[in-house]
Asker: 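Dropping the structure in here first, questions after.
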Number of protein chains: 2
Amino acid sequence: MTIKDVAAYCDVAVSTVSRVLNNHPDVSEDTCAKVLAAIAKLNYIPNNSARDLVTPQGDSIGVVVRGAENPFFTPVIRAIEARCELAGYTMVLHQIPAGADEVAAGAELVRSKRLRGLIFLGGRFDYSQHEANALGIPFVCCTNTNQFGDLEKTAYSSVSIDDFAEGFKATNLLVQRGHRRIAILLDSVTDHSVSELRYAGYCQALADAGIPLDTSLVFQTVAFSMPAAFERVSAYLAQSQDVTGIFAVADTMAIAAIKALHNAGLHVPQDVSVVAIDGIEMSLYTIPTLTTLSQPQETMGEEAVSILLDVLSGTSPNRHVRLETTLREGETLGVCKN
Amino acid sequence: MTIKDVAAYCDVAVSTVSRVLNNHPDVSEDTCAKVLAAIAKLNYIPNNSARDLVTPQGDSIGVVVRGAENPFFTPVIRAIEARCELAGYTMVLHQIPAGADEVAAGAELVRSKRLRGLIFLGGRFDYSQHEANALGIPFVCCTNTNQFGDLEKTAYSSVSIDDFAEGFKATNLLVQRGHRRIAILLDSVTDHSVSELRYAGYCQALADAGIPLDTSLVFQTVAFSMPAAFERVSAYLAQSQDVTGIFAVADTMAIAAIKALHNAGLHVPQDVSVVAIDGIEMSLYTIPTLTTLSQPQETMGEEAVSILLDVLSGTSPNRHVRLETTLREGETLGVCKN
DNA sequence: ACTCTTACTGGAAACGTTTCCACTCACCGG
DNA sequence: CCGGTGAGTGGAAACGTTTCCAGTAAGAGT
């Protein structure tokens, strides 16, 4: 069933059918109606590959998600897909393990699919010119931003919160309530991920409060995983219970930490306060409700697509967008009693 | 940068380059090496549209997810994508609102992308021959199965648990511990979704135990949403607190219910027991840990793709696969004290 | 009645592949 | 020395579109 069959069926040229298909202006009403009827009757479906072939550009946008098991990404991805759809693009989702190299995965995706742009979710915040060249198409780094480098010169775009500032803010929530034994629960401080920036904010907040950094309170885990976070906190509590506040860089980890505290017989927030960053829906329903700096997940996804479309259309150069969190006050933050 | 450029660059015919690209046997080692070098040097990327055009079949499998905000689907989708990738297919994900019509969405997807098969996640369990025809390509209904119709004659495949039996089992967990005021928290009992079957199992379990069905204990909500479940349970508790057991057809709803109970001053499981079906990771970390019948999420996704590939290759006709749940014993199930 | 527009339509090239067919050349056996 | 074989290669058709260009017919203006 091709355009030719349709053309033959209603005795017009293929070009006429094509015009009808693409809403071209100069085609008479009768012809248009006739063709439309034939299309419906024959249940004709245009072949997108052929269309893609002749039109210069593809119509797909790749999304590489590192650590998609984190429910934080779900609304972001949904927003991206919706926005892509609206703009006539197809979202091609590719999920990679938390430890994997998203640039390599992205390059592979570019190579095998017909992508016009790429969005990285949960990757690093830092990409070299060389990596950008290797990718060869515009890309947006979503959910984290390089705070250290010179953003003006980057060969890519980004949309994120100010991770340093938010890490600082979260830690400060604890500091202001008198906590001094404040642990941080994070991924890795050296992989150029969001953890590194939030950790820097944590360090700054401690420093400003005159609290020396105690590395035994830096709970590094892997992959934002709940089991890992649970184990790490449990292991610490088995040794010592002097911690009074925990700043988790992700809601999921915070929830796992609360469970670990609970299992160790500690109460939140009476014995230990917990704050996090993310604002996933689930953390509204934990007991106690999580206090967290909520990220605008939908907006992030939408903004990522918007930026990409702008760059693709040449409307604007690469840019870096910072969004605000909102403090979602839960029940896990209390005054330090010690 | 096309295959012609590569051919010109190393002074061979395009057909030769094509052969190298597709690992055809009869091409000499020297030529092969020469072409490969040129490809690398020129950074040539084959145009998939052109390839798709000439090869008879597309390489995409569509996945329509209804209510993707449910974290239950996350591992399923990941498994589907991994399996597609392995088989050389591209997964095209399309998320639709909980109330939407997945067949219409699927048809639209088939129309616009170049799909070979389709997987429905979280849709209905029942599809008519007419709908199958309209879709025009093989599809798998994943996560639920028609228990009422004659499966042998269906024009589609499915992979799921035995929703009726599991609904029965879950309810029985409560019955066996002496509960008689057992509520069910579900979506809609009449939309041919998973809720309907689990509800039937619930009714059966009650009937077997000689407990009359009390429709005021049937908590219908919409869209498996946590806020809706929370509101529904809260509203009931504001009227009456005589319920001693709740069977939630999804973990998410159970978690919301537990929160509602907690806010109403009731303890789980001392005052009210809660059981659910799903087994999402998060429910291992709730306080108390959720007792749930855990579905093999990865296996479901993998199986869905396997079936689809078999049907596509003609290896086997449409088939219906039933998987087993495993009881994940948490802390939300207790003996009825009344 | 003749040209000039205007409105529409048809024909054909082009997009970048794959694959079939035909061709060349070296080599082998007779 | 010659026909046959087979490996390697080139040429060209085909896939289903879009779009440019040319063409036709009708209607308007002279």
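Please read all numbers here as calculations on a predicted model, not as lab measurements. Residue numbers begin at 1 in each chain, while the letters A, B, ... track the order of the sequences. All heavy atoms count here, side chains included; hydrogens, waters and symmetry mates do not.
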Asker: NZ of A:Lys4 versus P of D:dT18: gap in Å, rounded?
Answerer: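 Rounded to the whole Å, the gap is 13 Å.
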Asker: Round to the nearest Å and state the distance from B:Leu53 atom CG to D:dC15 atom C1'.
Answerer: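 So the two atoms are 4 Å apart, to the nearest Å.
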Asker: To the nearest angstrom, how far is A:Ile3 atom CD1 from D:dT17 atom C1'?
Answerer: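 Distance check: A:Ile3 CD1 to D:dT17 C1' gives 6 Å.
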Asker: Are any of B:Ser18's side-chain N or O atoms less than 4.0 Å away from OP1 or OP2 of C:dT18?
Answerer: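 For B:Ser18, the contact criterion (side-chain N or O under 4.0 Å from OP1 or OP2 of C:dT18) is met.
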Asker: If only atom types and distance count, is the side chain of A:Asn47 paired as donor or acceptor with the main-chain N or O of A:Ser49 below 3.5 Å?
Answerer: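 A pair under 3.5 Å: yes.
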Asker: Using modelled atom types and a 3.5 Å cut-off, is there a donor and acceptor pairing between side-chain atoms of A:Asp187 and backbone atoms of A:Phe224?
Answerer: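 A pair under 3.5 Å: yes.
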Asker: Quick one: are the ring centres of A:Phe120 and A:Tyr156 less than 6.0 Å apart?
Answerer: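 No - the distance between ring centres of A:Phe120 and A:Tyr156 does not fall below the 6.0 Å cut-off.
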Asker: Quick one: salt bridge (charged side-chain N to carboxylate O under 4.0 Å, His left out) partners of A:Glu85, sequence neighbours excluded?
Answerer: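 Partners of A:Glu85 under the salt bridge (charged side-chain N to carboxylate O under 4.0 Å, His left out) test: none.
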Asker: B:Asn47 CG to D:dT17 P: how many Å, rounded?
Answerer: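 Rounding to the nearest Å, CG of B:Asn47 and P of D:dT17 are 16 Å apart.
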Asker: By nearest atom, which of the nucleotides C:dG16, D:dT19, D:dT17 is closest to the A:His24 side chain?
Answerer: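 From the listed options, D:dT19 comes nearest.
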Asker: What string of B, S and - do you get for nucleotides 4-10 of chain C 5' to 3' if you count protein non-hydrogen atoms under 4.0 Å?
Answerer: ----SBB
Asker: Output yes when a side-chain donor or acceptor of A:Arg19 lies under 3.5 Å from a complementary backbone atom of A:His24, and no otherwise.
Answerer: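 It does not hold such a pair.
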Asker: Verify whether one side chain among B:Ser15 and B:Ser18 offers a donor that lies under 3.5 Å from an acceptor in the other.
Answerer: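 Note: B:Ser15 and B:Ser18 side chains miss the donor-acceptor criterion.
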Asker: Please report the end-to-end axis angle for the helix from C:dA1-D:dT30 to C:dG30-D:dC1, five pairs per end, rounded to 10 degrees.
Answerer: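 Axis-to-axis angle, ends of the helix: 50°.
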Asker: Do any N or O atoms from the side chain of A:Tyr127 and from the backbone of A:Arg124 form a donor-acceptor pair under 3.5 angstrom?
Answerer: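 Checking the backbone N and O of A:Arg124 against the side chain of A:Tyr127, a donor-acceptor pair under 3.5 Å is found.
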Asker: Given atom CG of A:Asp52 and atom P of D:dT18, what is their separation to the nearest angstrom?
Answerer: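 A:Asp52 atom CG is separated from D:dT18 atom P by 10 Å.
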Asker: For atom CG of A:Asp11, decide whether the heavy atoms of other residues, nucleotides or ligands shown that lie under 6.0 angstrom number more than 12.
Answerer: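 Not more than 12 within 6.0 Å, no.
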Asker: If only atom types and distance count, is the side chain of A:Thr143 paired as donor or acceptor with the main-chain N or O of A:Gly122 below 3.5 Å?
Answerer: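 The answer is yes, because a donor-acceptor pair under 3.5 Å joins these two groups.
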Asker: Rounded to the nearest angstrom, tell me the gap between atom CE in A:Met1 and atom P in D:dC15.
Answerer: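 Between P of D:dC15 and CE of A:Met1: 15 Å.
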Asker: Using atom CZ of B:Arg51 as one end and atom P of D:dG16 as the other, report the distance to the nearest whole Å.
Answerer: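 Atom-to-atom, B:Arg51 to D:dG16, this comes out as 18 Å.
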